[in-house]
Amino acid sequence: MITILFLHGFFASGSCDMARQLRKSFEGRYRVLTPDLPLHPEEALDKVFSICGNEYIDLIVGNSCGSFYGQMAATDIGKPALLGNPYFKMTEFLTPRIGPQTYKARRRDGHQNFVIDQHLIDEFARMEQHQFSLSFQVRDEVWGLFGEHDTLAHFEPLFLEHFTHSFHFPGGHTPTTEEVRLYYVPLIERMLHEYMDEFELNPEE
């Protein structure tokens, strides 16, 4: 079965509304993996690479910080990816939020509280330095989807320095379930049909 890997945002989890809507939209047709990502970026990216090594992933879909990881994973393993509202400078996001925090969606391990500190910010800073090092290998296969009312991330110009396909939807930084259904799902379908082998999409033929 075609497999999609969804990577959630920094305050979210694999059980967030967006993850649930993707699973619902593709139920019975595609398998959607929605793991909880670790707090620390190196651990999170290692987990993404581990999943991609153990599963045959056909498409990576990310949102916000998940798109930060998705870009690096897609360009490293040569997979197409849809990056929703990518937050390419996580250090800028985290710095004004130093202190105790709570995840906005329930995590499987039950640990809902965490702390943003300078050590965590420094980890993201190191990763940001080389995040686009492999981008030009999949310039056309990584697509961006940007909310027209996103008040947090404004990285479409940076995205277009490295990739060619940019799209918009009339929403904010975190899409609603209806926006996922109306805008994310059709683009995912389009990407699968454009970048996957026809035999894989139609094995009965």
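Checked against a 6.0 Å centroid threshold, the rings of Phe68 and Tyr87 do not count as neighbours. Annotation: Phe163 is in aromatic contact with Phe159 [ring centroid separation under 6.0 Å]. Ring centroids of Phe146 and Phe155 are separated by 6.0 Å or more, keeping the two rings apart. The distance between the ring centers of Phe114 and Tyr103 falls below 6.0 angstrom.
Geometrically, Arg126 does not engage Phe124 in a cation-pi contact, judged by NZ or CZ lying under 6.0 Å from the ring centre and within 45° of the ring axis.
Around NZ of Lys47, the count of heavy atoms belonging to other residues, nucleotides or ligands within 6.0 Å exceeds 12. Other residues, nucleotides and ligands contribute over 12 non-hydrogen atoms within 6.0 Å of the CD atom of Glu189. Within 6.0 Å of CD on Glu148 lie more than 12 heavy atoms contributed by other residues, nucleotides or ligands.
For the 3.5 Å distance criterion, the side chains of Thr3 and Asp58 fail to qualify, holding no donor opposite an acceptor. No hydrogens or angles considered: nothing links the side chains of Gln131 and Tyr69 as a donor-acceptor pair under 3.5 Å. Counted by atom type alone, Ser13 and Arg107 present zero donor-acceptor pairs between their side chains at under 3.5 Å. A donor and an acceptor atom, one from each side chain of Ser64 and His173, are located under 3.5 Å apart. Residues Gln71 and Ser67 bring no donor and acceptor atom of their side chains to less than 3.5 Å of each other. Side-chain contact, Asp17 with Gln21: no donor N or O sits under 3.5 Å from an acceptor N or O.
Classified by interplanar angle (parallel below 30°, tilted 30° to 60°, perpendicular above 60°), the ring pair Tyr30/Phe26 is tilted.
When each of Asn63, Leu7, Ile60, Val142 is checked for a side chain to side chain contact (heavy atoms under 4.5 Å, CB included) with Leu83, only Val142 meets the rule.
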